[in-house]
Asker: 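Quick one: structure below, then a few questions.
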Amino acid sequence: AQSVTQPDIHITVSEGASLELRCNYSYGATPYLFWYVQSPGQGLQLLLKYFSGDTLVQGIKGFEAEFKRSQSSFNLRKPSVHWSDAAEYFCAVGRSGAGSYQLTFGKGTKLSVIP
Amino acid sequence: GAGVSQSPRYKVAKRGQDVALRCDPISGHVSLFWYQQALGQGPEFLTYFQNEAQLDKSGLPSDRFFAERPEGSVSTLKIQRTQQEDSAVYLCASSLSTSGANEQFFGPGTRLTVL
């Protein structure tokens, strides 16, 4: 069964500082990997996704993530955090084979930004 | 264009009552998913539709949970004899096709509180 671990429950960074949110996954084949952001009272918004090819993927709002197969990781990064980035971030893994395509999410990392 | 919409946004039910939660997916989207998000947790998969066919209901926690999508568009998640442990945000997502590589677009969710 697939699973996702986000080891950091809550991270606080200063505005303008760099950010890295960790994600480790467990899946038997090449996974589809996603990062979503959820602001209070809002639905989940896709930041970026990885399916194949270049292991460094670029997303919206200046975010990027790197797929490292050897470490089963897909960490999210941003070079300079803005106050509006404060939200909860979820890493998810999806099935790459035939069948139901549900996502398995981690428990999320809440990001707080200090002005 | 319009995104995924859900209604009601908030629902308070007394223990033992039946509730029905509605999801309007993006027009033309073949795949539809329901997820349950408990407080402080990531979303967890409940069920998956491909058009009107319910192909996976492995995530439904009990036989009190029932979902349908009779015409392949609008979907309803019904919970019978609600219990306090059913309190959560119920998220609906739709996807253009049946590939796991496609982005799932999420609605804002319905927050269910069972008293």
Side-chain angles (χ1 to χ4, degrees), chain A residues 1-10 21-25 27-53 57 59-60 67 87-110, chain B residues 2-10 21 23-26 29-51 53-60 67 88-111:
Chain A
Q2 57 207 59
S3 66
V4 175
T5 302
Q6 294 182 248
D8 303 306
I9 297 173
H10 190 186
L21 301 182
R22 296 183 290 166
C23 172
N24 292 95
Y25 69 90
Y27 185 62
T30 300
Y32 293 153
L33 294 164
F34 304 81
W35 274 100
Y36 281 86
V37 61
Q38 187 177 40
S39 298
Q42 303 296 313
L44 292 156
Q45 181 184 21
L46 181 68
L47 288 176
L48 46 78
K49 57 187 179 183
Y50 170 79
F51 301 137
S52 64
V57 293
I60 62 171
F67 170 59
E88 188 140 27
Y89 292 79
F90 292 94
C91 180
V93 60
R95 293 179 56 151
S96 57
S100 178
Y101 300 108
Q102 74 267 28
L103 299 175
T104 299
F105 287 86
K107 293 188 175 183
T109 298
K110 182 176 181 180
Chain B
V4 178
S5 60
Q6 294 185 245
S7 60
R9 290 292 311 276
Y10 303 90
L21 312 180
C23 172
D24 284 84
I26 294 173
H29 278 198
V30 170
S31 295
L32 186 144
F33 303 82
W34 283 98
Y35 294 86
Q36 179 191 58
Q37 186 175 19
L39 189 64
Q41 302 295 314
E44 293 190 355
F45 169 75
L46 294 176
T47 188
Y48 163 64
F49 289 86
Q50 182 178 319
N51 294 308
Q54 188 175 20
L55 299 186
D56 187 347
K57 53 183 180 180
S58 62
L60 296 176
V89 175
Y90 291 85
L91 297 168
C92 175
S94 70
S95 180
L96 182 60
S97 73
T98 59
S99 168
N102 285 125
E103 176 181 354
Q104 292 185 24
F105 294 84
F106 283 81
T110 294
R111 181 178 297 276

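A, B, ... follow the sequence lines: proteins, then strands. Residue 1 opens every chain. What you see is a predicted model, and the numbers here were worked out from it, not measured in a lab.
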Asker: Can you confirm if the aromatic rings of A/Tyr101 and B/Phe33 lie within a centre distance of less than 6.0 Å?
Answerer: no
Asker: Looking at OH of A/Tyr32 and CG of B/Asn102, how far apart are the two atoms once the value is rounded to the nearest 0.5 Å?
Answerer: 9.0 Å
Asker: Apply the test side chain to side chain contact (heavy atoms under 4.5 Å, CB included) to residues B/Gln104 and A/Phe34: give CA-CA distance (whole Å), side-chain angles for both, the deciding distance (0.1 Å), then the verdict.
Answerer: CA-CA 10 Å; B/Gln104 292 185 24; A/Phe34 304 81; over 6 Å; no
Asker: Would you say that more than 12 heavy atoms from the other residues, nucleotides or ligands in this model lie under 6.0 Å from the CG of B/Leu39, or not?
Answerer: no
Asker: If you count every heavy atom of other residues, nucleotides or ligands that lies below 6.0 Å from A/Gln2 atom CD, does the total exceed 12?
Answerer: yes
Asker: What pair of heavy atoms forms the shortest contact from A/Gln102 to B/Phe45, and how long is it?
Answerer: CB-CD1, 3.1 Å
Asker: How long is the span from the CD atom in A/Gln42 to the CZ atom in B/Phe106, to the nearest 0.5 Å?
Answerer: 14.5 Å
Asker: With a 4.5 angstrom heavy-atom cut-off, is it the side chain or the backbone of A/Gln45 that approaches chain B, or both, or neither?
Answerer: neither
Asker: Given the options B/Arg111, B/Gln6, B/Gln37, which has more heavy-atom pairs under 4.5 Å with chain A than any of the others?
Answerer: B/Gln37
Asker: Which pair of heavy atoms, one from A/Leu103 and one from B/Tyr35, lies closest together, and at what distance?
Answerer: N-OH, 2.9 Å
